[in-house]
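First up is the structure itself, then whatever we jot down about it.
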Number of protein chains: 2
Amino acid sequence: MSSPSPLPNPSSLVNSLRTSCSTCSMHQLCLPMGLGENDMDKLDQIIGRRRKVPRDSYLYRMDDVFTNLYAVRVGHFKTCQINAGGEQQITGFQMAGELLGMDAISTDHHHCDAIALEDSEVCEIPFARLEELFGTMPTLLRHFHRMMSQEITREQSAMLLLGNMRAEQRLAAFLVNLASRYVARGYSSTNFQLRMSREDIGSYLGLTIESISRLLSKFKKQGLLGVSNREIELLDITALKAMAAGTEACS
Amino acid sequence: MSSPSPLPNPSSLVNSLRTSCSTCSMHQLCLPMGLGENDMDKLDQIIGRRRKVPRDSYLYRMDDVFTNLYAVRVGHFKTCQINAGGEQQITGFQMAGELLGMDAISTDHHHCDAIALEDSEVCEIPFARLEELFGTMPTLLRHFHRMMSQEITREQSAMLLLGNMRAEQRLAAFLVNLASRYVARGYSSTNFQLRMSREDIGSYLGLTIESISRLLSKFKKQGLLGVSNREIELLDITALKAMAAGTEACS
DNA sequence: CGCGCTGTTGATGAGGGTCAATTTGGGTGG
DNA sequence: CCACCCAAATTGACCCTCATCAACAGCGCG
């Protein structure tokens with residue numbers, strides 16, 4: 001693996017090794033999915049920098065001018081909107097390998113705030129330069145379209161959840177969804193830590209913090225899961241899935 | 001305008017005049033927005049056919065293989081999803097100049113049903129051929145991205161609506177939204193016909209048909225609008241906007 | 001040790017769902 | 001042209017889910 005020839009600048013190599021798409025554990029989920037080595041290098045070259053985002057700080061704010069998409073490298077984010085009445089709603093949680101900022105393309109301004117839920121790291125992708133690549137990299141373009149389309153689908157599911165599921169179903173669906181995303185990233189599907197507060201979960205699910213708390217207690221009592229603070233252990237995923245689907249026997 | 005030279009096939013010319021993007025009244029809202037004549041011709045050439053879709057019939061169904069996007073030329077559509085519990089929710093209403101099917105790109109299968117609310121007409125856009133154009137038509141690609149991004153934004157608004165607005169606000173927001181879309185199409189912002197049933201509206205807003213009916217009656221009594229069957233006249237748009245924003249004085 | 005933030009649990013009530021009865025209007029056939 | 005039918009919409013009565021308000025517990029931190 002290590003080249004025998006002398007290296008002009010070892011430290012920059014180390015840096016590039018640490019941060020290139022090809023060595024990133026998320027490259028099979030993220031934007032470079034399916035790219036060959038050449039194409040991945042080209043993509044690497046336009047990526048501005050890897051930016052650290054401390055917990056609770058903003059990656060971008062609503063109405064900020066849009067210049068970059070961001071790929072989450074490490075950590076978790078939430079995106080939230082504020083309506084005219086001053087109420088805030090969380091529109092999504094993003095984890096490693098997911099893309100942030102696609103809603104800003106239409107107006108060149110961000111439509112929501114993006115906030116780190118823990119100390120995190122993103123890759124800055126200058127959209128104008130990404131567009132230049134599209135002309136010669138159809139594989140990249142195709143996958144970008146898939147990611148945008150996926151975002152649309154994801155939000156349609158959220159609409160379904162908010163529009164006609166009851167509280168119980170919503171929380172079950174939320175937990176099952178988290179589990180599946182962790183599995184895709186090679187983590188346990190049953191044991192994970194909630195990175196967001198109960199309030200965030202409630203806001204995302206259109207419920208109050210009290211409802212979330214009560215439901216978690218209820219699920220615990222029913223033996224569906226274990227909870228301790230933000231530590232979650234899913235004990236009966238089948239039942240949770242059935243509940244989310246609205247097909248479980250009534251309790 | 002009419003060429004003095006003999007025409008090889010007059011009837012086909014008439015047909016193309018009737019159906020080309022350049023002569024379509026929606027081309028400033030639809031996919032060809034901002035294209036020059038040359039590019040618009042190229043786009044025209046890949047558009048499969050103009051397909052009529054009678055009222056209540058399916059443009060596509062969930063799980064159908066995805067091959068085409070559709071641009072609404074005439075009429076209105078609804079898209080709806082069915083969850084595992086068998087309940088159906090409407091995820092959107094589409095009118096002339098809007099694009100259908102973008103949620104299918106990610107999996108090559110449609111994620112929802114698309115149904116005509118009245119006798120309608122669409123332009124069939126083979127997606128594979130559209131992708132071929134993207135390489136050489138950056139303006140087209142850019143506008144396509146804007147339309148996808150707009151769809152994401154639109155759905156985020158719907159999430160906000162479903163997640164933390166009360167019934168009254170939801171219906172007000174819905175009516176104001178319809179009005180603004182009709183204005184953009186050169187129609188009256190105050191007088192229009194609802195193309196969808198009360199049930200459809202309820203499904204979209206996460207409310208029951210009874211609630212919709214009651215709210216319309218209430219708004220009428222308050223002098224905010226006139227209703228007669230599906231005929232709507234908005235009498236106080238300012239108040240409706242304030243109500244949608246949650247900033248109106250409590251009644 | 002006390003303060004503040006986050007989360008839990010209980011009591012109460014309202015918004016909107018559910019069920020049921022009735023009206024309206026469009027379409028059809030005599 | 002009228003009678004009839006059926007689907008869609010309206011209206012009323014009742015009830016359930018979940019929001020609201022409130023008290024309190026747990027935990028980290030200065």
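Order of the sequence lines fixes the chain letters, A, B, ..., with proteins taken first and strands second; residue numbering starts at 1 for each chain. Hydrogens, waters and symmetry mates are skipped; everything else that's a heavy atom, side chains included, is used.
Here the P atom of nucleotide D:dA8 and the CE atom of B:M196 are 15 Å apart, to the nearest Å. The CG atom of A:L117 sits 13 Å away from the P atom of C:dT6 (whole-angstrom rounding). Look at CG on A:D56: it is 13 Å from C1' on C:dT6, rounded to the nearest Å. Rounded to an integer number of Å, the gap from CG of B:L205 to P of C:dG17 is 11 Å. Counting to the nearest Å, the C1' atom of C:dG26 and the CD atom of B:E231 are 15 Å from each other. Between the CD1 atom of B:I209 and the C1' atom of D:dT10 there is a distance of 9 Å, rounded to whole Å. Between the C1' atom of C:dT8 and the CZ atom of A:R230 lies a distance of 15 Å, rounded to the nearest Å. Going from atom CG of A:N164 over to atom C1' of D:dT17 covers 15 Å, rounded to whole Å.
Between A:E98 and A:R181 a salt bridge is recorded (basic side-chain N to carboxylate O distance below 4.0 Å).
As judged by a 4.0 angstrom heavy-atom cut-off over every strand, B:S213 is placed among the base-contacting residues.
Here B:E118 pairs with B:R195 under the salt bridge (charged side-chain N to carboxylate O under 4.0 Å, His left out) rule; sequence neighbours left out. Looking at residues two or more places apart in sequence or on another chain, you find a ring-ring contact (aromatic ring centres under 6.0 Å, His included) between B:F127 and B:F66. In this view, B:D200 and B:K78 satisfy the salt bridge (charged side-chain N to carboxylate O under 4.0 Å, His left out) rule, not counting sequence neighbours. B:T153 is linked by a side-chain hydrogen bond (donor to acceptor under 3.5 Å, both in side chains) to A:H111, counting only residues two or more places apart in sequence or in another chain.
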Q) Where along nucleotides 18-30 of chain D does protein come under 4.0 Å, by heavy atom, of base (B) or sugar-phosphate alone (S), with - for untouched nucleotides? A) SSBB---------
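Taking the ring centre of B:Y182 as origin, the terminal cationic atom of B:R185 falls outside the region bounded by 6.0 Å and 45° from the ring axis.
Put simply, the side chain of A:S149 gets close to the backbone of B:M102: a donor and an acceptor are under 3.5 Å apart. With hydrogens and angles ignored, the 3.5 Å screen pairs a side-chain donor or acceptor of A:R51 with a backbone N or O of A:L59.
Which of C:dT9, C:dT8, D:dA8 sits closest to the side chain of A:S217 comes down to C:dT9.
Annotation for B:E231: atom CD counts as buried by contact number, over 12 foreign heavy atoms lying within 6.0 Å.
Axis angle across the helix from C:dC1-D:dG30 to C:dG30-D:dC1, with five pairs used at each end and values rounded to 10°: 30°.
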